[in-house]
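We use all heavy atoms of the structure for the numbers below, so side chains are in, but hydrogens, waters and symmetry mates are not. Residue numbering restarts at 1 for every chain, and letters A, B, ... go by the order of the sequence lines.
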Amino acid sequence: AQSVAQPEDQVNVAEGNPLTVKCTYSVSGNPYLFWYVQYPNRGLQFLLKYITGDNLVKGSYGFEAEFNKSQTSFHLKKPSALVSDSALYFCAVRPRNSGNTPLVFGKGTRLSVIA
Amino acid sequence: GAVVSQHPSWVICKSGTSVKIECRSLDFQATTMFWYRQFPKQSLMLMATSNEGSKATYEQGVEKDKFLINHASLTLSTLTVTSAHPEDSSFYICSASLAGDYNEQFFGPGTRLTVL
């Protein structure tokens, strides 16, 4: 069965420091991987995705994520956190050749950036 | 990116009434849409997959007679919560994606339902 693990419920970072939000997955083959952000009382906004090629993917708002096949991880990173980055972050996965099936989401990690 | 809208953004209703939530893909055609439910401080729970012109596929544990889904066109799917009760109060989010398993899902802004 497919699954996504976000081991941290909460991540606290000081403004200006680098941030990492962790994600590991359990899917056969090389899946497509996604990161989303959700602000309070809003839907999810797409940040970035890994399809193929370069393991380091750059996305919106200065975020990037690194695909690590051997560790089955896709951690979200940002070199310098902003207070406005405080939100709920979701990692998601979809197996290749699965058609238009729904993404499988992790439980989410709440990021708090402290001024 | 593609835009998905939802209406209404919030609704308050009395117990026993029905509420319809609309989900529209504004600048693309979506043969498939997804409906999620989110409880406070929790992840998304997939309720059903809505396919244009056919019956929705419901996830285990979701009552199809209570949560009616209609996907009448390539740009509109509706979720009707029938005979709503306070335990149906939640944040409902719809999503759609372009064809192709490598494409991301685009999410609507969500609908906050409160049943009194």
Side-chain angles (χ1 to χ4, degrees), chain A residues 1-10 23 27 29-53 57 59-61 65 67 74 87-112, chain B residues 1-7 9-10 21 23-25 28-52 56-59 62 71 74 90-114:
Chain A
Q2 313 153 36
S3 66
V4 177
Q6 292 181 243
E8 304 153 317
D9 290 335
Q10 175 91 33
C23 172
V27 178
N30 289 331
Y32 301 113
L33 298 158
F34 306 80
W35 273 103
Y36 287 82
V37 60
Q38 184 182 30
Y39 297 98
N41 296 310
R42 303 292 297 274
L44 277 65
Q45 295 180 30
F46 169 73
L47 281 178
L48 52 81
K49 65 180 176 183
Y50 172 78
I51 300 177
T52 187
V57 179
S60 306
Y61 312 120
F67 170 62
F74 190 55
L88 188 57
Y89 290 81
F90 289 98
C91 181
V93 64
R94 181 190 282 141
R96 289 179 189 262
N97 303 312
S98 62
N100 204 4
T101 54
L103 297 176
V104 176
F105 285 90
K107 64 187 175 105
T109 298
R110 188 163 301 277
L111 173 68
S112 291
Chain B
V3 179
V4 176
S5 71
Q6 262 182 263
H7 179 79
S9 55
W10 59 269
I21 302 171
C23 177
R24 295 181 184 271
S25 56
F28 69 103
Q29 293 183 330
T31 55
T32 304
M33 289 184 175
F34 309 100
W35 286 95
Y36 294 84
R37 183 173 179 177
Q38 187 177 31
F39 293 98
K41 299 184 178 181
Q42 292 192 26
S43 186
L44 302 169
M45 183 193 81
L46 178 67
M47 299 176 66
T49 299
S50 168
N51 298 294
E52 187 267 337
T57 302
Y58 290 83
E59 295 300 301
V62 178
H71 194 158
L74 289 173
S90 193
F91 194 55
Y92 294 89
I93 310 176
C94 73
S95 174
S97 64
L98 299 166
D101 52 5
Y102 50 86
N103 281 310
E104 60 270 32
Q105 286 178 215
F106 299 99
F107 286 82
T111 297
R112 171 76 57 193
L113 170 63
T114 301

Heavy-atom count around Arg112(B) CZ within 6.0 Å, excluding the residue itself: above 12? yes
Residue among Ser9(B), Ser95(B), Gly108(B), Ser43(B) with most heavy-atom pairs under 4.5 Å to chain A: Ser43(B)
Using 0.5 Å steps for rounding, measure from the CD atom of Gln38(B) to the CZ atom of Phe105(A). 10.0 Å
So which part of Lys49(A) gets closer than 4.5 Å to some heavy atom of chain B, the side chain, the backbone, both or neither? side chain
Is it the side chain or the backbone of Gln6(B) that comes within 4.5 Å of chain A heavy atoms, both, or neither? neither
Which atoms of Leu44(A) come close to chain B, meaning under 4.5 Å heavy atom to heavy atom: side chain ones, backbone ones, both, or neither? both
Please state whether the side chain, the backbone, both or neither of Asp9(A) comes within less than 4.5 Å of a heavy atom of chain B. neither
Bottom line for Gln6(A): the part with an atom under 4.5 Å from chain B's heavy atoms is neither
Looking only at heavy atoms, the pair that brings Ile93(B) and Gln38(A) closest together is CD1-NE2, 3.9 Å
Less than 4.5 Å to any heavy atom of chain B: does that hold for the side chain of Pro95(A), its backbone, both, or neither? backbone
Starting at CZ of Arg94(A), measure out to CD of Glu104(B) and round the result to the nearest 0.5 Å. 9.0 Å
What's the separation between atom OH in Tyr102(B) and atom CZ in Phe34(A), rounded to the nearest 0.5 Å? 11.0 Å
Select, from Thr32(B), Thr49(B), Thr31(B), Val4(B), the one with the greatest count of heavy-atom pairs under 4.5 Å involving chain A. Thr32(B)
Could you tell me which portion of Thr52(A) (side chain, backbone, both or neither) has an atom closer than 4.5 angstrom to a non-hydrogen atom of chain B? neither
Largest heavy-atom contact set with chain B, pairs under 4.5 Å, which of Gly106(A), Gly108(A), Gly99(A): Gly99(A)
Ser97(B), part contacting chain A, at a heavy-atom distance under 4.5 Å: both
Out of curiosity, Asn100(A) CG to Asn103(B) CG, how far, rounded to the nearest 0.5 Å? 8.0 Å
Identify which part of Tyr50(A) has an atom lying under 4.5 Å from any heavy atom of chain B, answering side chain, backbone, both or neither. neither
Proximal component of Phe34(B), with respect to chain A [non-hydrogen, under 4.5 Å]: side chain
